[in-house]
Amino acid sequence: MEILPGDLLSSINSPADLKKLSRTSLPRVCDELRQFIVDVVSVHGGHFGASLGVVELTVALHYVFNTPYDQIVWDVGHQAYGHKILTGRRDNFITNRKYKGLSGFPKRTESEYDTFGVGHSSTSISAALGMAMASHYKGETDRQHVAVIGDGAMTAGMAFEALNHAGIEKSNLLIVLNDNCMSIDPNVGALKEYLTDITTSKTYNKLRDDFWKALGKLPAKKFSRNLVSKMEAGLKGILSASSNLFESFNIRYFGPIDGHNITKLIDTLKDLKEIPGPKLLHINTVKGKGYGLAEKDQTIWHAPGLFDKITGEIYKKKYDLPQPPKYQDVFGHTIIELAEKNENIMGVTPAMPSGSSLKFMMDKMPHRAFDVGICEQHAVTLSAGLATQGLRVFCNIYSSFMQRAYDQVIHDVALQKLPVIFCLDRAGIVGEDGPTHHGAYDLAYMRCIPNMIVSAPMNESELRNLMYTAQLSSTAQPFVIRYPRGAAVKAEWKTEMKEITIGKGRKLKDGEGIAILTIGHPGNFASSAIREVNRDDINPAHYDMRFVKPLDEDILHEVFGKFKKIITVEDGTIKGGFGSAILEFMAENNYHAHVKMLGIPDRIVEHGSPKQLYEEIGIDENHIAAVIRDLSRINIDELLATE
Ligand SMILES: Cc1ncc(C[n+]2csc(CCOP(=O)(O)OP(=O)(O)O)c2C)c(N)n1
């Protein structure tokens with residue numbers, strides 16, 4: 001079905017076209033843009049509510065600023081669909097997040113309007129400040145730099161590090177704080193309360209309106225630093241002590257204004273363009289604006305999947321037989337089961353209660369499970385602090401977001417050998433979110449840390465057993481359990497939990513000629529491949545290693561003693577990952593075998609469906625089967641003689 005943009009939107013191929021339109025036609029542009037996002041996302045998928053919420057802001061920014069000379073940095077970038085559509089990518093937008101299509105996030109190689117690659121949150125102020133300082137240094141005093149950051153992303157330490165610096169720089173930086181009171185789940189923390197206070201303070205809002213009225217009476221040229229400072233001083237003097245966090249960073253605070261009032265936005269942005277130096281505009285918006293259901297249930301409509309745009313029915317595949325649960329749900333239910341028996345258990349998530357399913361425990365045991373905001377570093381050190389007091393914390397962080405807390409993992413947890421349990425969700429290939437979100441590196445970056453146990457379950461009962469083992473008081477070490485996005489393996493997931501000996505793998509199948517060593521969920525791809533090649537009388541052995549650290553040396557001595565052809569399979573980076581660990585073992589023990597390593601190659605893997613990407617990198621069933629067949633034909637003695 002062809003999706004046609006409205007008349008005005010179809011005439012906009014770049015911001016220059018947008019600027020040709022009269023101000024009075026902009027509300028219609030906003031309507032058409034919103035409709036186009038609804039039309040495309042309902043059929044092709046993607047993030048939803050966030051882009052709807054910034055339609056007016058997007059139009060206003062491109063109308064007022066001279067993009068791409070003026071630079072806009074979108075934080076996270078999941079809200080930048082309108083920006084993509086207005087900047088020459090409208091007709092291609094149906095390829096958004098698809099294999100070889102547009103990225104779901106701004107990306108420098110995709111467009112000159114995408115000033116900075118994003119996906120992980122809270123980088124926009126630092127990046128825009130860097131750009132602004134570069135312009136200042138080069139004497140480009142007319143150049144503007146805008147960071148658009150949500151109230152959720154604002155909770156991260158990195159955003160505050162950037163504010164702290166921005167306040168002493170003279171460069172042209174405008175921070176637009178898009179306050180919709182939501183992260184993916186409802187935003188949390190004192191900052192949220194603070195922003196709500198400002199927004200609802202009657203005294204403040206009256207003063208602010210008077211201030212803006214006064215500004216409106218002045219010709220634009222008169223907006224000298226001095227004049228505005230004087231006027232602000234009057235305003236600030238009357239404000240309560242709690243009301244100017246940003247001012248205390250030496251950043252001028254403006255707002256809050258209605259982020260859906262396009263006229264007001266344009267007037268305000270125009271005014272702010274005339275004011276040099278760092279400043280922050282606080283706007284209030286509604287996530288999902290214009291699509292009733294998305295306004296109402298903002299978490300579900302953050303990224304709802306495909307839906308019927310008329311009825312709002314979110315399509316769910318229907319099956320006759322019960323289906324395997326998601327790994328995240330197995331985690332979410334299992335932690336409650338464990339916590340019911342072990343009163344020391346706590347749960348921590350940095351802003352992903354729904355995504356990690358820790359929400360189940362937060363609802364049931366609100367004093368023992370916490371969302372701490374988009375603050376991975378804090379989440380890790382907080383867990384370490386709790387662990388010093390004898391508590392067993394399951395700190396659930398997406399694998400790629402954990403990259404941000406690497407120092408905390410080493411410095412605060414591993415060095416002190418604190419028994420924090422890291423559940424790394426979305427490990428491996430995540431699919432449509434692409435390279436910023438693939439959990440490619442965790443096996444490599446965790447296994448090089450002393451004191452760390454690093455494991456990956458091949459299915460849901462293994463996940464439960466690992467979780468059970470990790471919380472036992474005899475396990476007095478940091479413990480990583482990494483598992484992928486999406487469905488586990490068996491519908492009957494609620495198996496009785498059993499202790500697993502740490503560092504012990506499983507021989508799934510004996511065989512001849514070739515041994516396949518796997519870690520985690522891709523073991524299932526290998527099992528299917530083995531069934532496939534069995535038809536040709538090829539009979540490889542299969543070991544699910546379970547642990548990358550410590551490695552099961554008994555199994556490995558058996559394998560290297562018996563087999564000269566070995567295949568390793570992982571859904572992590574080959575360099576430094578599981579396969580590398582096997583090679584290290586081989587070298588350290590003077591074995592000599594041909595080892596073929598399958599996993600994520602040493603290049604950036606782009607976005608696409610997990611199936612497409614597994615095929616591309618060659619860890620899908622068919623490719624593993626092909627590698628087994630190839631290897632089975634090789635004369636190993638000749639090969640090893642040449643290696
Ligand atoms: C470092 C990091 N942690 C977590 C996420 C997951 N994430 C994506 S969007 C989002 C919420 C962002 O909220 P906000 O900045 O307020 O934007 P909104 O979606 O409300 O427009 C989160 C937690 C992320 N992208 N990066």
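Order of listing sets the numbers, starting from 1, for every ligand and every atom in it. Because the structure is predicted, anything quoted here is derived from the model rather than measured.
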- Message: Atom NZ of residue position K279 - does it have more than 12 heavy atoms of other residues, nucleotides or ligands inside 6.0 Å?
- Response: yes

- R108 atom CZ, over 12 foreign heavy atoms within 6.0 Å: no

- For H260, which residues count as a ring-ring contact (aromatic ring centres under 6.0 Å, His included) partner, sequence neighbours excluded? none

- Is R485 paired with E432 through a side-chain N to carboxylate O contact shorter than 4.0 Å? yes

- Item | Partners passing salt bridge (Lys or Arg N to Asp or Glu O under 4.0 Å) against K270 (at least two apart in sequence or in another chain) | none

- salt bridge (charged side-chain N to carboxylate O under 4.0 Å, His left out) contacts touching residues 36-59 (sequence neighbours left out): R34-E56, D39-K309

Show the short N or O contacts, below 3.5 Å, that ligand 1 makes with protein N or O atoms; if there are none, say 'none'.
| unit_1 | atom_1 | unit_2 | atom_2 | d |
| --- | --- | --- | --- | --- |
| ligand 1 | 3 (N) | E376 | OE2 | 2.6 |
| ligand 1 | 15 (O) | A153 | N | 2.9 |
| ligand 1 | 16 (O) | D151 | N | 3.4 |
| ligand 1 | 16 (O) | D151 | OD1 | 3.3 |
| ligand 1 | 16 (O) | G152 | N | 2.7 |
| ligand 1 | 16 (O) | M182 | O | 2.8 |
| ligand 1 | 19 (O) | H78 | NE2 | 2.7 |
| ligand 1 | 19 (O) | K287 | NZ | 2.6 |
| ligand 1 | 20 (O) | N180 | OD1 | 3.1 |
| ligand 1 | 20 (O) | N180 | ND2 | 3.0 |
| ligand 1 | 20 (O) | M182 | O | 2.9 |
| ligand 1 | 20 (O) | K287 | NZ | 3.4 |
| ligand 1 | 21 (O) | N180 | ND2 | 3.4 |
| ligand 1 | 25 (N) | G119 | O | 2.9 |
| ligand 1 | 26 (N) | S121 | N | 2.9 |

